Structures are given as C-alpha cells and as structure tokens.
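Just below is one structure, and these are the notes that go with it.
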There are 2 protein chains.
Amino acid sequence: MRAPHGQNRRMNDTREHIEKLTDALRRAGIRVTRQRAAILEVLADAQDHPDAPELHSRANAIAPGISLSTVYRTLSTLETQGVIQRHQFDGASARFEPAETDHHDHMIDVETGKVIEFCNDRIEKLQAEIAAELGYEIVHHRMELYVRKTGQG
Amino acid sequence: MRAPHGQNRRMNDTREHIEKLTDALRRAGIRVTRQRAAILEVLADAQDHPDAPELHSRANAIAPGISLSTVYRTLSTLETQGVIQRHQFDGASARFEPAETDHHDHMIDVETGKVIEFCNDRIEKLQAEIAAELGYEIVHHRMELYVRKTGQG
DNA sequence: ACTCAATTGCGACTCATTCGCAAGAAATAT
DNA sequence: ATATTTCTTGCGAATGAGTCGCAATTGAGT
Ligand SMILES: [Mn+2]
Ligand SMILES: [Mn+2]
Ligand SMILES: [Zn+2]
Ligand SMILES: [Zn+2]
C-alpha cells in the first residue's frame, strides 16, 4: 500500500497544476472566468477535502464577490469535465478534490473527521476480478473505511 | 467470494425472521406498534434494497394509514437498534435492508440500477491490515462497485 | 378499566443543492 | 471599435429528502 500524494501535494508547482486544470477547461470550450480561476486555484492548493461553503470562503479570499450558487455550479461543471471528484462521506455534505492521475480511496477517522488517503493494488485487482466473475466491468468504485485509533478507547 | 444470501432470503421462514426482529425491539423496550410491525414485515420480505417511499407504500398495503414521517422515524429507530442498515448509493436517496448476521458489500449496475451483493474475505482482511498499519481499527466500512455488463457496450 | 410515557399523523420546517431569470462578461462577427 | 451572440453570474425563489413540534392516540403494565 502506498500513500498516493496527500502531504506531498504542496511540493508540486501549484501554478503548473492550475494551468493543467484551466487548459482542460479551455479545451472543452468552457470559459475560464475570474470565479472559476479562483475556485480552481483553491482546489489546486487544498490539502484537505473541502466542501462547497468552505471552497466558497477560500475562493472569496482570492477573488471577492463570488456567490455560493456559482461555487456549486462550477463544482458540477468541473466534475462533469472530470477535473475534480466529488465525495459523499457518511452523513456529511459533499466534499471535493482535484482529480489526480492516480486513484485512491479514503479512510475517515470517526472521532476527528480526518481523511486519510490510501490505495491498495491487491484490493483493486480483487475488485476487478469479482466484477469480472459476474460478467461486469467496473465503471468506478468507492471504498471508505471509517476508523478509530486503536488502544486507549 | 460467496453470495451472502439474496435470492435465498425468500426461503427463510419469514414469520420466524420477523419474530427475531420484533424480539430485538421488545428487548430494547421499544413498542411493537401496528406500523412498526408492518414496516418490519416489509423489510423482512424485501429482496431488494427499498427506499423510504417504497417501504411506505409496501407497508401501507399491509396496514393502511401509516404516514411517511413514521416510516422515516421507524427507519431511524431500527437503524439505531442495529436491526436494519442504511445505504447511501451514489446520488440516490437512502435505501434499507435488514441487518443480517453476515456482512456484505454491493455492486450496482449503472445501467439497470440492479444491486448485487457480495463479500470477499481477502478484501475484508486487507482492509483491516491497511487500517492497522496506520494505528486504526475499522468501525465500519463501505465498498460499492459501480459496474456495467462487459462486451456489447 | 386506569394511567402515562411512548408513538403517531399532520403540517411546518430545515438544509444542501438546484433553478429561473435579468444583468454582466466573453467570444465572435461586422 | 461596435454590435451581436452566447456563456456566466448573482440573486432570490424553489426543491426534495429528511426532521421537528405538538396535540391526539395507543401500548402495555397496574
Ligand atoms: Mn482524496
Ligand atoms: Mn445488501
Ligand atoms: Zn480504490
Ligand atoms: Zn465489506
């Protein structure tokens, strides 16, 4: 099992990352507006998995006057474009992250809410096998481990 | 990988199944009302993973006059009692099933919406290992494979 | 039958998300 | 540069699953 990126994302050149995202939009004929640029920048910088109101607040710090509706609309657009991913963890509202090249799953500390990323190739392979056995191929999947620190409970 | 129950659930004595459920409630000091009995019966019979409005409609076929609020309230109660499980599949509203003794995960045919149950012990073991490596124990987890029939796509 | 807390139905309410639409940018044509 | 077309935005209203408050009802011990 490898830790996909996470802590190291800050190391990447953020500017480069944003350009990759905006290019994807331009290629799809979608205008890169002030508000979309701000939201993309926030997403590229994010180490966590922020929800819409949080993204709204961060984006407004960069470019004041963005409405929450626009944040929601932009997030839907970006998701459709495959630029970001939406996660619906247990009872919470949707959280987002840029669609990195490498797939990963999530572990959520039920005490603190902390989200930890991971990917296990053996599990990924087994999932494909299970689907194949029944004549299916996987379109996408989600695996979430809700966990608690062991020991002093 | 084994198919946990599914098609065979009809084979079980439904009456016996319902009694097991109602007993769990009585033991917890929760009244088994007309409406709760109906909802439990519907759940015990269900081969699929119905949502609240569907359960409402089925329960009303047995005992007319049950309100949707009561269905929602009862479902929450039953979930808290550990008698049923709630599933939140991709964009849909919550779906429910009795909490059988054996754990399983779900595969959703993205074309038809069909839900297939499965359980893979190797994956379950790997999940526990991954959590343990980071000093966590799993409280619960969810794994959903969104799939499509292979071939003629 | 009597008592009383638990439960119900109803309608009002919440909260995340979506919509409608008129006003405001961007791209495009003249 | 100006006009025209098309896409986006902000605002506030609407949605829809699920929850809540409350008066009326009922389950289950006495
Ligand atoms: Mn992630
Ligand atoms: Mn199931
Ligand atoms: Zn995975
Ligand atoms: Zn599992």
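Being a predicted model, the structure only gives us computed values, none of them experimental. Chain naming here is simple, since letters A, B, ... match the order of the sequence lines and numbering starts at 1 in each. Heavy-atom basis, side chains included; hydrogens, waters and symmetry copies ignored.
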Spatial distance of atom CE (A:Met143) from atom NE2 (A:His103) [nearest 0.5 Å]: 6.5 Å
Do you know which of B:Arg95, B:His87, B:His106 makes side chain to side chain donor-acceptor pair (under 3.5 Å) with B:His49? B:His106
Which of C:dT17, D:dG12, D:dT19 is nearest the side chain of B:Ser69? It is D:dT19
Quick one: which of C:dT18, C:dG9, C:dT7 gets closest to the side chain of A:Ser76? C:dT18
With a non-hydrogen cut-off below 4.0 angstrom, is [X] in contact with a base, only sugar-phosphate, or nothing?
X	value
B:Leu68	nothing
A:Arg73	base
A:Thr33	sugar-phosphate

May I ask you to verify if any side-chain N or O of B:Tyr72 is less than 4.0 angstrom from the OP1 or OP2 atom of D:dT19? no
Please determine if a side-chain N or O atom of B:Gln35 lies less than 4.0 Å away from the OP1 or OP2 oxygen of C:dG9. yes
Does A:Glu54 come within less than 4.0 Å of A:Arg58, counting only side-chain N to carboxylate O? yes
Any ion pair linking A:Asp90 and B:Arg142 (charged N to carboxylate O, less than 4.0 Å)? yes
Following the transitive rule for hydrophobic clusters with a side-chain heavy-atom cut-off under 4.5 Å over Ile, Leu, Val, Met, Phe, Trp and Tyr, establish whether A:Ile123 and B:Tyr136 coincide in one cluster. yes
Can you tabulate the close N/O pairs, meaning under 3.5 Å, that link protein atoms to atoms of nucleotides 4-6 of chain D?
| unit_1 | atom_1 | unit_2 | atom_2 | d |
| --- | --- | --- | --- | --- |
| D:dT6 | O2 | A:Arg31 | NH2 | 3.2 |

Gap between atoms [atom1] and [atom2], on [X] and [N] respectively (whole Å):
X	N	atom1	atom2	answer
B:Gln81	C:dA6	CD	P	14 Å
B:Ile39	C:dG9	CD1	C1'	13 Å
A:Glu79	C:dT17	CD	P	11 Å
B:His56	C:dG9	NE2	P	8 Å
A:Ile66	C:dG24	CD1	P	18 Å

Which sits closer to the 5' end of DNA chain C, B:Pro64 or A:Asp51, going by the nucleotide each is nearest to? B:Pro64
Check: D:dG18 base within 3.5 Å donor-acceptor of B:Ser93 side chain: no
With nearest nucleotides of DNA chain D determined for B:Gln88 and B:Arg34 from heavy-atom distances, which residue corresponds to the more 5′ nucleotide? B:Gln88
Are any non-hydrogen side-chain atoms of A:Thr33 and A:Thr70 less than 4.5 angstrom apart? no
Is the side chain of B:Asp105 donor-acceptor paired with the backbone N or O of B:Cys119 at a distance under 3.5 Å, no angle test? no
